[in-house]
2 protein chains.
Amino acid sequence: MAVRLKDIARDLGVSVVTVSKVLRNHEDIGQETRDRVLKRIKELNYQPNLAARALVTGRSHLMGLIVPDLVHAFFAEVAKSVSQLLRAHGYGLVIASSEEDPDLEKQEIAQMLARRLDVLLIASSQRTGESFRKIEEQQRSYVLVDRRFKGLAANFVGTDDLAVGRMATEHLIENGCRRIAYIGGNTVSTALDRLKGYRSALSSANLRVSGKYTICRAHADDSGDVTGYRAAQELLALSPRPDAIFCNNDPIAMGAIGAILEANLRIPEDISIVGAGNVRYASALRVPLSSIDQDSHALGTRAAELALSLVQPKGDRQPKQVLLQPRLVARESSLRNRSGSLLQPMQR
Amino acid sequence: MAVRLKDIARDLGVSVVTVSKVLRNHEDIGQETRDRVLKRIKELNYQPNLAARALVTGRSHLMGLIVPDLVHAFFAEVAKSVSQLLRAHGYGLVIASSEEDPDLEKQEIAQMLARRLDVLLIASSQRTGESFRKIEEQQRSYVLVDRRFKGLAANFVGTDDLAVGRMATEHLIENGCRRIAYIGGNTVSTALDRLKGYRSALSSANLRVSGKYTICRAHADDSGDVTGYRAAQELLALSPRPDAIFCNNDPIAMGAIGAILEANLRIPEDISIVGAGNVRYASALRVPLSSIDQDSHALGTRAAELALSLVQPKGDRQPKQVLLQPRLVARESSLRNRSGSLLQPMQR
DNA sequence: TTGAAAGCGGTACCAA
DNA sequence: TTGGTACCGCTTTCAA
């Protein structure tokens with residue numbers, strides 16, 4: 001059926017070893033033999049069976065990526081850039097979505113380990129880093145992406161989330177907001193750190209940090225728009241009403257915007273909004289959304305680079321942490337007292 | 001390092017064959033032996049090496065999915081539901097994004113074939129079905145998703161795109177539009193069929209089909225928002241100006257909306273818009289977007305089911321076509337003479 | 001420079 | 001009910 005090394009060897013009257021060596025550019029093959037083999041490989045459109053190669057070499061040339069939600073544009077962007085860089089280095093990528101469910105994520109990790117994927121890249125929804133110690137016990141390598149765990153010294157590529165929270169909050173303060181609320185999660189490191197940054201910015205500006213204004217929801221990423229919608233409704237019922245909301249991510253911000261407009265309030269005049277992630281369509285939303293950009297492309301690229309370094313035998317085994325700096329992209333949802341409604345219309 | 005069948009067999013004083021059979025629930029193993037083996041498997045947390053199994057059985061239990069753009073929410077949704085169903089059946093999914101580039105797509109197909117993925121699911125960006133005949137020559141199975149090819153009788157799961165075009169156009173006509181333009185592509189079947197549906201609806205309503213109002217761009221999906229933005233600008237310069245635009249997909253519609261608002265025109269009063277795909281955030285856009293829903297979830301599920309049927313030995317080899325019916329979701333961007341601005345605020 | 005033999009970790013077949 | 005043997009397609013080692 002499919003062409004094998006054996007077939008080529010037989011055709012040419014050489015051994016399979018010779019063909020195998022030509023295939024992998026070994027030095028010790030004569031030019032003439034090499035040419036004959038290459039010619040035949042072309043003719044038959046031979047493609048090595050990577051499963052067989054994986055079995056003997058112990059490396060599948062396949063990596064795994066688990067994200068909480070593939071439809072969330074931020075993770076889709078990360079997945080895309082990881083995939084691109086890996087492919088450029090001859091690696092394929094198995095992608096799975098955990099739906100923000102820790103148990104499902106564990107199952108997927110187990111599957112990927114069984115498949116002998118060379119490295120796992122995981123934006124984890126677990127509460128603790130326990131599962132990852134198990135991976136380590138099996139001597140398998142992995143990279144945490146975007147989210148990490150306290151006390152787990154693992155390879156990690158993510159954003160400086162303290163800075164994210166601080167940056168968003170400071171921006172809102174600079175634009176005249178004083179009663180700034182937060183909507184986010186309370187389980188994953190990104191949400192916790194952003195919350196911390198938010199609080200620290202408030203304190204620095206001598207603004208009161210009020211528990212009433214802090215809404216933490218477990219599923220802050222999955223269907224974030226619904227979460228944001230409901231949470232914003234709660235905030236609107238408060239007195240005094242907040243005059244700004246920092247949302248843990250853009251889907252939450254979208255939901256919040258929906259709730260606010262539905263209550264016939266204006267954005268940003270009555271309530272300003274800042275999200276995070278700066279998804280592709282943030283500028284096209286009902287109210288163009290200010291967001292803290294996390295450079296999803298760089299995040300994916302750096303994560304893939306780190307993963308590739310782990311399969312290099314020379315590399316040292318010290319876990320490496322990469323922290324990217326976020327960047328504010330201000331749009332209409334947070335810019336008070338400015339000109340028109342079409343600031344930066346096509347900016348991403 | 002990792003536990004192997006051999007290790008368990010040695011520990012228990014049985015043969016590897018016995019252990020292997022227990023693992024796969026063969027009938028012909030004594031209850032006592034079976035229990036001992038299962039116990040040991042648990043103890044050692046044994047996980048079969050799927051690469052080895054793949055080599056001997058010839059099935060990798062891995063499928064491949066190639067989409068034009070993973071960040072396009074429509075394809076992300078399809079990918080998610082494909083992945084979910086396959087995982088439930090013990091299959092992993094390798095995902096690649098072709099960036100709407102036919103050559104890149106060919107490379108990815110070659111890679112996946114070399115990896116011996118059991119079935120390939122492809123939303124193809126090719127101009128012709130040529131590459132797929134090659135896959136067939138290699139006796140490998142594949143499923144076309146969303147897009148198909150004239151004259152290629154292949155397994156296919158997609159939308160009735162003629163109906164998409166007709167439905168969108170008829171809706172615009174019913175809402176009082178008379179000079180309806182189209183922005184889309186001219187290479188893939190979805191765009192061509194929707195264009196055909198658009199024309200047929202115009203003709204049925206005795207409206208003139210004008211070439212001026214038809215803008216076809218090669219990259220109608222990849223960065224569709226930029227495409228839509230530019231194309232809409234061209235349309236706005238025409239005289240008489242169109243009073244509606246049917247956009248081949250939602251990203252294009254988003255770009256078009258940007259251009260229209262920038263020109264200080266109103267939607268839907270001056271120009272109505274309908275997109276297609278009904279992406280998750282369509283209702284949260286600057287102008288809540290009317291869209292033809294393609295039920296991406298069902299699309300992915302049906303495609304995965306079809307793919308699974310191909311690895312069942314019993315199944316007949318007749319290529320099967322599944323055509324899903326689209327559904328109009330009308331929102332503010334096309335509803336003239338109606339009440340407020342907040343119709344169906346959170347609808348998806 | 002070339003190739004014979006062994007083996008990666010499983011499964012299939014058939015005999016015991 | 002159990003297991004010996006061959007083999008999947010490739011790489012590694014080492015001798016010729």
Side-chain angles (χ1 to χ4, degrees), chain A residues 1-38 40-41 44-62 90 113-118 138 140 313, chain B residues 1-38 40-41 44-62 90 113-118 138-140 311 313:
Chain A
M1 194 156 129
V3 186
R4 297 154 304 172
L5 277 191
K6 196 195 291 185
D7 302 319
I8 297 178
R10 186 178 13 76
D11 289 3
L12 266 44
V14 299
S15 78
V16 288
V17 181
T18 304
V19 182
S20 170
K21 283 178 177 169
V22 170
L23 210 65
R24 285 169 299 135
N25 283 317
H26 262 239
E27 290 305 320
D28 58 358
I29 297 291
Q31 191 57 49
E32 195 199 350
T33 315
R34 177 183 303 271
D35 290 343
R36 287 175 60 216
V37 171
L38 287 175
R40 193 72 188 138
I41 284 179
L44 296 181
N45 186 31
Y46 168 74
Q47 308 227 287
N49 182 326
L50 298 183
R53 181 179 286 175
L55 180 57
V56 46
T57 61
R59 358 195 85 277
S60 62
H61 277 259
L62 223 39
L113 290 176
R115 286 189 196 288
R116 304 299 194 267
L117 302 193
D118 294 340
Q138 292 190 40
R140 313 293 301 278
Chain B
M1 192 155 129
V3 187
R4 297 153 304 172
L5 277 191
K6 196 195 293 187
D7 302 319
I8 296 178
R10 187 180 11 75
D11 289 2
L12 267 43
V14 298
S15 78
V16 287
V17 180
T18 303
V19 181
S20 171
K21 283 178 178 168
V22 171
L23 209 65
R24 287 169 297 135
N25 283 317
H26 262 240
E27 290 305 318
D28 56 359
I29 297 293
Q31 192 57 47
E32 194 200 350
T33 315
R34 177 184 304 272
D35 291 342
R36 287 175 60 218
V37 171
L38 286 176
R40 193 74 188 136
I41 284 179
L44 297 180
N45 186 29
Y46 167 75
Q47 309 227 285
N49 183 327
L50 298 184
R53 182 179 284 177
L55 180 58
V56 49
T57 60
R59 1 197 84 272
S60 62
H61 277 258
L62 222 41
L113 290 175
R115 286 189 196 287
R116 303 300 192 267
L117 302 192
D118 294 339
Q138 292 191 41
Q139 319 265 35
R140 311 294 300 279
V311 295

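Reminder, nothing fancy here: chain letters follow the sequence lines and each chain counts from 1.
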Tell me whether the side-chain N/O atoms of [X] come closer than 4.0 Å to OP1 or OP2 in [N].
X       : N      : result
A/Tyr46 : D/dC10 : yes
A/Ser20 : D/dC10 : no
A/Ser15 : C/dT2  : no

Using whole Å, report how far [atom1] of [X] lies from [atom2] of [N].
X       : N      : atom1 : atom2 : result
B/Arg59 : D/dC8  : CZ    : P     : 17 Å
A/Asp35 : C/dT2  : CG    : C1'   : 16 Å
A/Asn25 : C/dT1  : CG    : P     : 14 Å
A/Arg34 : C/dG3  : CZ    : P     : 14 Å
B/Leu55 : C/dG10 : CG    : P     : 12 Å
A/Arg53 : D/dC8  : CZ    : P     : 18 Å
A/Arg36 : C/dT1  : CZ    : P     : 16 Å
B/Leu12 : D/dG3  : CG    : P     : 10 Å

Looking only at the side chain of B/Thr33 (C-beta and beyond, no hydrogens), which of the listed nucleotides D/dT2, D/dG3, D/dG9 gets closest?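 Of all the options, the side chain of B/Thr33 is nearest to D/dT2.
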Among the candidates C/dT11, C/dT2, D/dC10, find the nucleotide nearest to the side-chain atoms of A/Thr18.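 The listed nucleotide nearest to A/Thr18's side chain is C/dT2.
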[X] (side chain) donor-acceptor with [Y] (main chain) under 3.5 angstrom:
X        : Y        : value
B/Arg53  : B/Pro48  : no
A/Arg140 : A/Leu117 : yes
A/Ser20  : A/Val16  : no

Rounded to the nearest 0.5 Å, how far apart are [atom1] of [X] and [atom2] of [Y]?
X        : Y       : atom1 : atom2 : answer
B/Leu38  : B/Asn25 : CG    : CG    : 8.0 Å
A/Asn49  : A/Gln47 : CG    : CD    : 10.5 Å
B/Asp118 : B/Arg59 : CG    : CZ    : 5.0 Å

Partners of B/Arg4 by side chain to side chain donor-acceptor pair (under 3.5 Å), sequence neighbours excluded?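 Scan of B/Arg4 (side chain to side chain donor-acceptor pair (under 3.5 Å), adjacent residues dropped) gives B/Asp7.
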I'd like a table of atom pairs between the protein and nucleotides 12-16 of chain C - only N or O on both sides, under 3.5 Å - with the distance next to each one.
unit_1: C/dA12; atom_1: OP2; unit_2: B/Arg24; atom_2: NH1; d: 2.7

Base, sugar-phosphate, or nothing: which does A/Val16 touch, judged by heavy atoms less than 4.0 Å apart?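 Touches nothing.
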Contact class for A/Ile29 vs. all strands (heavy atom < 4.0 Å): base, sugar-phosphate, or nothing?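 Sugar-phosphate contact only - A/Ile29 comes under 4.0 Å of backbone atoms but never of a base.
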Quick check: on DNA chain C, is the nucleotide nearest A/Val14 upstream (toward 5') of the one nearest B/Ala52, or the reverse? Name the residue that is more 5'.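 The residue mapped nearer the 5' terminus is A/Val14.
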